[in-house]
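The structure appears below as structure tokens.
The residues of the chain are indexed from 1 along the displayed sequence.
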Amino acid sequence: MIYDVKKRARRKNGKTVLSKCYSLYYRFDPMVAPKWLALRVSDKEAALAKAREFKREYEAEAAGIMFPKPIREAAVAPLKVLIIDYVSDMRMRVKSSTSKSPKQSKSRLMRLCKECGWQKLSDITADSFVKWRCTTDLSPKTLNHYLAEGITFINFLLKTERILKNPLADVSKLTVKGRESRLRRAFTNEELTSLFRIAPEYRKTAYLSAVLSGLRHGELSKLRWGDVVFESPTPHILARSAISKNGQDARIPMTNQLEKELLNHRPESWTENDLVFPKGVPRARTLRVDLESAGIPYQDEMGRFADFHSFRYTWGTILQKNGVNSRTAMELMRHSDRNLTDKVYTDTNLLPLGEVVRKLPDIQPLTDILTEISGKRGQKQANSGKISPQKNEERIWLDPAYLKGLIKKKILETLVEVAGVEPASRNPSHSASTCLVLSII
């Protein structure tokens, strides 16, 4: 073991100079190499006292008697201070273009602290969160976002060794399916025509770009002319990883209509770094005004909303309506799950279900099938000079006139058979069930 309180020496202008403050030079078992600990005091007695306190804590932690110092400090620190550390770290890690912004995370965590009564780490419990969740009027989807935010925050403290266990890790999510508070729908062709007719040229181009590319609002707002490639066998829009939600590059082929519209929209003097929409992409409030002017309901009779993200729903529905297979549509929508493309981003109310059913081929009528069977039997009988007793019996049983009289004669026997009494002398081929089926035919 090495344990020595002294001033550190360093070279300055070719001379050895001692520092003003004392440091602890130590190595405790099972440490491999010695370390320095700055005591930050110039008095030797104070330095020795701090060194003894450090040794006592180190040995207590090694013996399991005391928690490590980062855990002890985090336990007494105000929770808001830890949230600020988490948000600062997030600003360094997360792109500004992603939906999970540091500002939003801070707002959610601060709300949890206020409404759940969390002041320190020890106040965070699964019970307190569940009780708050039962009393709030937020939607299940939003409450799941709050739960995820809390779990992510405490996982950050786990990684930085400031807590031993995540108290929210075992809290279950709420079921969202069928309980959505904000359902979206796709626009119809008539609604898009009305919207493009009343919208100014600038906003019309932005709306059309969203409909025919599936680009999100944030992606369109950061789109540059260098990302729009016209001189290519397949003109396309490059969704750069810096602006896309999933952080990956993607090439979205342009339709002929979108290509013409963007060419007309591009100014004469442009550079690759210029924004495609320098005035900004219309926000939700502006779109709502345009929808009202076009006579398009912002919320339909089914409670579904038509907001800016509905243009992306419309793009997915257009792909499905035009027979694009789900795997290709998934790539064009830049989804990682095919079910998300097929079930969430497809408005089934706009699919041509009726037209598809009406175009199905007719099934051959039953009467034609019976006629064909009877024709084959008549042909066989004409070809054979003699009819065997068994075939003659089958012909008699298939005779409608014979069946008509047989029902009256056998109705009593039919009732007896249904009741569970089987006549011993009955021919198995003349059972009541056979008579009933043939009479129906």
Side-chain angles (χ1 to χ4, degrees), residues 21 23 35-41 50 53-54 57-58 60-61 66-174 216-219 221-222 241-247 283-284:
C21 298
S23 297
K35 297 181 180 180
W36 285 93
L37 174 67
L39 300 176
R40 295 185 175 87
V41 289
K50 293 188 69 173
E53 179 66 18
F54 171 78
E57 290 182 357
Y58 183 88
E61 292 174 6
M66 184 183 297
F67 288 120
K69 188 174 181 181
I71 294 179
R72 300 197 308 271
E73 292 178 347
V76 298
L79 196 57
K80 294 182 180 180
V81 175
L82 300 178
I83 292 175
I84 292 174
D85 292 344
Y86 167 68
V87 174
S88 300
D89 178 73
M90 183 183 293
R91 287 195 178 99
M92 299 298 296
R93 294 184 292 104
V94 180
K95 297 186 307 180
S96 60
S97 60
T98 58
S99 58
K100 185 177 177 62
S101 64
K103 183 179 179 180
Q104 185 184 58
S105 298
K106 182 180 179 181
S107 175
R108 287 174 177 171
L109 292 173
M110 289 299 185
R111 179 173 180 176
L112 286 175
C113 291
K114 180 180 179 181
E115 298 184 5
C116 295
W118 296 345
Q119 300 297 326
K120 297 180 180 179
L121 276 179
S122 58
D123 298 331
I124 301 178
T125 61
D127 181 64
S128 61
F129 178 83
V130 172
K131 287 182 178 178
W132 168 78
R133 189 169 66 178
C134 294
T135 57
T136 185
D137 56 352
L138 297 175
S139 67
K141 183 177 180 181
T142 303
L143 289 173
N144 286 343
H145 287 321
Y146 273 86
L147 174 60
E149 199 68 66
I151 291 176
T152 306
F153 165 61
I154 301 178
N155 284 340
F156 163 77
L157 299 179
L158 278 172
K159 292 178 180 179
T160 53
E161 300 179 349
R162 285 186 270 187
I163 195 172
L164 295 177
K165 182 182 177 181
N166 192 333
L168 301 180
D170 296 330
V171 179
S172 302
K173 290 183 178 181
L174 298 177
R216 302 172 179 87
H217 188 281
E219 295 169 341
S221 62
K222 295 179 175 62
S241 59
I243 66 173
S244 61
K245 182 179 179 181
N246 59 5
R283 304 291 298 181

Notebook entry, point to check: Can you check side-chain contact (heavy atoms from CB on, under 4.5 Å) on Tyr58 and Lys69, steps first, answer last?
Noted result: CA-CA 9 Å; Tyr58 183 88; Lys69 188 174 181 181; over 6 Å; no
Measure the spacing between [atom1] of [X] and [atom2] of [Y] and express it to the nearest 0.5 Å.
X      : Y      : atom1 : atom2 : value
Lys106 : Ile83  : NZ    : CD1   : 9.0 Å
Gln104 : Met90  : CD    : CE    : 9.5 Å
Phe153 : Asp89  : CZ    : CG    : 11.5 Å
Leu82  : Ile163 : CG    : CD1   : 9.0 Å
Lys222 : Ser244 : NZ    : OG    : 11.0 Å

Next item on the list: Would you confirm whether Asn144, through its side chain, and Leu174, through its main-chain N or O, come within 3.5 Å as a donor-acceptor pair?
Entry: yes
Margin query: Between Ser107 (side chain only) and Lys103 (backbone N and O only), is there a donor and an acceptor less than 3.5 Å apart?
Written below: no
Could you check whether any side-chain heavy atom of [X] comes within less than 4.5 Å of a side-chain heavy atom of [Y], counting everything from C-beta outward?
X      : Y      : value
Leu138 : Trp132 : yes
Phe129 : Leu112 : yes
Glu219 : Arg216 : yes
Arg133 : Leu143 : yes
Pro167 : Ile154 : yes
Gln119 : Ile124 : no

Note to self: Between Arg162 and Glu73, does any NZ, NE, NH1 or NH2 come within less than 4.0 Å of an OD or OE carboxylate oxygen?
What the structure shows: no
Next item on the list: State plainly whether the residues Glu53 and Lys50 are in salt-bridge range, i.e. N to O under 4.0 Å.
Entry: no
Of the non-hydrogen atoms in [X] and [Y], which two are nearest, and what is the gap between them?
X     : Y      : answer
Ser23 : Ala38  : OG-CA, 3.8 Å
Ala77 : Lys120 : O-CG, 4.0 Å
Leu79 : Cys113 : CD2-SG, 3.4 Å

Note to self: Can you list everything that forms a ring-ring contact (aromatic ring centres under 6.0 Å, His included) with Trp118? Sequence neighbours excluded, please.
What the structure shows: none
Next item on the list: Have a look at Leu157 and tell me which of Leu121, Ile71, Asn166 forms a side chain to side chain contact (heavy atoms under 4.5 Å, CB included) with it.
Entry: Leu121
Checklist line | Passing candidate, side chain to side chain contact (heavy atoms under 4.5 Å, CB included) with Leu168, options Val130, Thr125, Ile151 | finding: Ile151
Notebook entry, point to check: How about Arg40: does its CZ atom have over 12 heavy atoms from other parts shown lying under 6.0 Å from it?
Noted result: no
Margin query: Tell me if the CZ atom of Arg283 is crowded by more than 12 foreign heavy atoms within 6.0 Å.
Written below: no
Checklist line | Test side chain to side chain donor-acceptor pair (under 3.5 Å) applied to Asp127 - qualifying residues, sequence neighbours left out | finding: Lys131
Next item on the list: Check whether the side chains of Thr142 and Ser139 place a donor and an acceptor atom closer than 3.5 Å, and report yes or no.
Entry: yes
Margin query: Testing the 3.5 Å rule here: is there a donor-acceptor pair between the side chains of Glu115 and Tyr146?
Written below: no
